[in-house]
Chemist: 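Can you keep this structure in mind? I'll have questions shortly.
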Amino acid sequence: MKYQPTKAVTGLPVAAFATPYKKHIQYNINSSYGGILIAYSIEYRKELSNMKKSIITPLAAVLCLSLLTGCNAKDSSTPPDSQQTNPPAQATVASANISDTSEAYEKLVALKTEDYKQQSVADFNQSLAPNNGDISGLLDAQADVLASISPDDKNYEFITVTLAASLDELYCEQMNDSVGLSAYLKKEEQPLEKLPGEESVAGAEITYQFVFNALYRLNYTFSDPTQITVAERDSALQKFKTEFQNYVDNLSEADLASSNIKTVLSEKADELENSLSTAKMKLSCEVENVEVHNAGEEIVNN
């Protein structure tokens, strides 16, 4: 299926992290597809890029700061008054965004070679990084595409799994930080009846009385990145996420709302990391917090 940029999914829970490493990542949970879209924060990454460039020349820092300001203005969730009273201007901006995203998509897909899955992680990552090591352009393109890519896109796995992992590894290598991903476990039960008139609204969101969310961090290390293939790495990460979510899907509401659910999930994470770790790749998972909304009652377990 050919990629068609769409509006970013709204009304989805977003987790933003305050620690130096996690601050640069946002995780949007697409409840319609049950998938996780991982988007690098454009503002934070450009801020890092600006810091590097300011060392080289003050002029470059001024230019990057201007770009960052423009990006912040574009991402504002509150439309300016001029947009509310000038529909043609809105249409112009929307067209520009679609064009930018399409260009970003093509930039990422161009990195998908026929044998990329058989390449070592080291070789594939090296193919993404230019000689100067600046991957900010790829990170920006990744963020743009993740905001609108659909799970049925033929390049969805390559962009959201392979590139996401490799770009994160390159970024963490530059920042001398641990490599890993953060993701949500989620379960929704007891859908509420739609209000009068909502039945005919296409794409209307379903509201649930019971909503369970658990945030976890999956770190991993390679014994030698030249000896593990991209396919082996991606498979381990995908299996961990899939099997962890399947485990939650099979738990009852009472289990998920219990006071010891964080301990239960941590024990399952230990089991998965032990079964999926190999001599080439070691996994380590930490369940960071749990939130349960049950008929208006909120339970937080940090």
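Everything quoted here is computed from the prediction, not taken from an experiment. Side chains are part of it too, since the values below use all heavy atoms of this structure and drop only hydrogens, waters and symmetry mates.
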Chemist: Any sub-3.5 Å donor-acceptor pair from Gln245's side-chain atoms to Lys186's backbone N or O?
Modeler: yes

Chemist: If we ignore hydrogens and angles and just use 3.5 Å, is the side chain of Gln174 paired with the main-chain N or O of Gly133 as donor and acceptor?
Modeler: yes

Chemist: Please list, chain by chain and in numerical order, all residues satisfying side-chain contact (heavy atoms from CB on, under 4.5 Å) with Thr113, sequence neighbours excluded.
Modeler: Asp115, Tyr116, Gln119

Chemist: A side-chain contact here means heavy atoms from C-beta on lying under 4.5 Å apart; do Leu139 and Leu167 qualify?
Modeler: yes

Chemist: Side chains of residues 263-270: which donor-acceptor partners sit under 3.5 Å, not counting sequence neighbours?
Modeler:
| residue | atom | partner | partner atom | Å |
| --- | --- | --- | --- | --- |
| Ser266 | OG | Lys262 | O | 2.9 |
| Lys268 | NZ | Glu271 | OE2 | 3.0 |

Chemist: Do you know the tightest heavy-atom contact between Met281 and Ala236?
Modeler: SD-CB, 4.0 Å

Chemist: Around Glu173, counting heavy atoms of other residues, nucleotides and ligands shown, do more than 12 lie under 6.0 Å from its CD?
Modeler: no

Chemist: Just how far is it from atom CG of Asn213 to atom NE2 of His293, taken to the nearest 0.5 Å?
Modeler: 6.5 Å

Chemist: Among residues at least two apart in sequence or on other chains, which ones pass ring-ring contact (aromatic ring centres under 6.0 Å, His included) with Phe210?
Modeler: none

Chemist: Nearest 0.5 Å, please: how far is OH in Tyr105 from CD1 in Ile159?
Modeler: 5.5 Å

Chemist: What are the two closest heavy atoms between Asp168 and Gly180, and how far apart are they?
Modeler: OD2-O, 2.8 Å

Chemist: Of all the heavy-atom pairs spanning Ser178 and Cys172, show the shortest one and how long it is.
Modeler: O-SG, 3.3 Å

Chemist: Look only at the side chain of Ser223 and the backbone of Ala279, and say whether a donor-acceptor pair between them is shorter than 3.5 Å.
Modeler: yes

Chemist: Test your reading of the model: is there a side-chain donor-acceptor pair from Gln118 to the backbone of Thr229, 3.5 Å cut-off?
Modeler: no

Chemist: Could you pull out the closest heavy-atom pair between Leu108 and Val145, with the gap in Å?
Modeler: CD1-CG2, 3.8 Å

Chemist: Give the intermediate values and the outcome of side chain to side chain contact (heavy atoms under 4.5 Å, CB included) for residues Leu163 and Leu128.
Modeler: CA-CA 9 Å; Leu163 277 183; Leu128 304 181; 4.0 Å; yes

Chemist: Check for me, please, whether Val161 and Leu181 land in the same ILVMFWY cluster - side-chain distances under 4.5 Å, paths through other members count.
Modeler: no

Chemist: Can you confirm whether Leu251 sits close enough to Ile261 that some side-chain heavy atom of one is under 4.5 Å from a side-chain heavy atom of the other?
Modeler: yes

Chemist: Could you work out, with ring-ring contact (aromatic ring centres under 6.0 Å, His included) as the rule, every residue matching Phe212, not counting sequence neighbours?
Modeler: none

Chemist: According to the salt bridge (Lys or Arg N to Asp or Glu O under 4.0 Å) rule, which pairs have a member within residues 231-240, sequence neighbours left out?
Modeler: Glu169-Arg233, Glu232-Lys280

Chemist: To the nearest 0.5 Å, what is the distance between NZ (Lys282) and OG1 (Thr221)?
Modeler: 8.0 Å

Chemist: Run the side chain to side chain contact (heavy atoms under 4.5 Å, CB included) check on Val230 and Thr162 step by step: do they pass?
Modeler: CA-CA 7 Å; Val230 170; Thr162 303; 3.6 Å; yes

Chemist: Output yes when a side-chain donor or acceptor of Ser150 lies under 3.5 Å from a complementary backbone atom of Asp153, and no otherwise.
Modeler: no

Chemist: Side-chain contact, heavy-atom cut-off 4.5 Å: Tyr216 with Lys241?
Modeler: yes

Chemist: Nearest 0.5 Å, what's the CZ-OG distance between Phe240 and Ser275?
Modeler: 8.5 Å

Chemist: Given side chain to side chain contact (heavy atoms under 4.5 Å, CB included), test Glu188 with Val211 step by step and report yes or no.
Modeler: CA-CA 5 Å; Glu188 297 172 323; Val211 178; 4.3 Å; yes

Chemist: Between Ser166 and Asn125, do the side chains contain a donor N or O and an acceptor N or O under 3.5 Å apart?
Modeler: yes

Chemist: Test side chain to side chain contact (heavy atoms under 4.5 Å, CB included) on Leu111 and Ser127; report intermediate values, then the result.
Modeler: CA-CA 8 Å; Leu111 302 171; Ser127 71; over 6 Å; no

Chemist: Shortest non-hydrogen contact from Arg217 to Asn219?
Modeler: NE-OD1, 3.0 Å

Chemist: Does the side chain of Val179 reach to within under 4.5 Å of the side chain of Phe222, using non-hydrogen atoms?
Modeler: no

Chemist: How long is the straight-line distance from CG of Leu276 back to CD of Gln238, given to the nearest 0.5 Å?
Modeler: 12.0 Å

Chemist: What's the shortest heavy-atom distance between Glu189 and Tyr208, and which atoms?
Modeler: O-CB, 3.3 Å

Chemist: Quick one: does any side-chain atom of Ser277 pair with a main-chain N or O of Leu283 as donor and acceptor, under 3.5 Å?
Modeler: yes

Chemist: Just grab all the salt bridge (Lys or Arg N to Asp or Glu O under 4.0 Å) pairs involving residues 246-256, residues at least two apart or on different chains.
Modeler: none

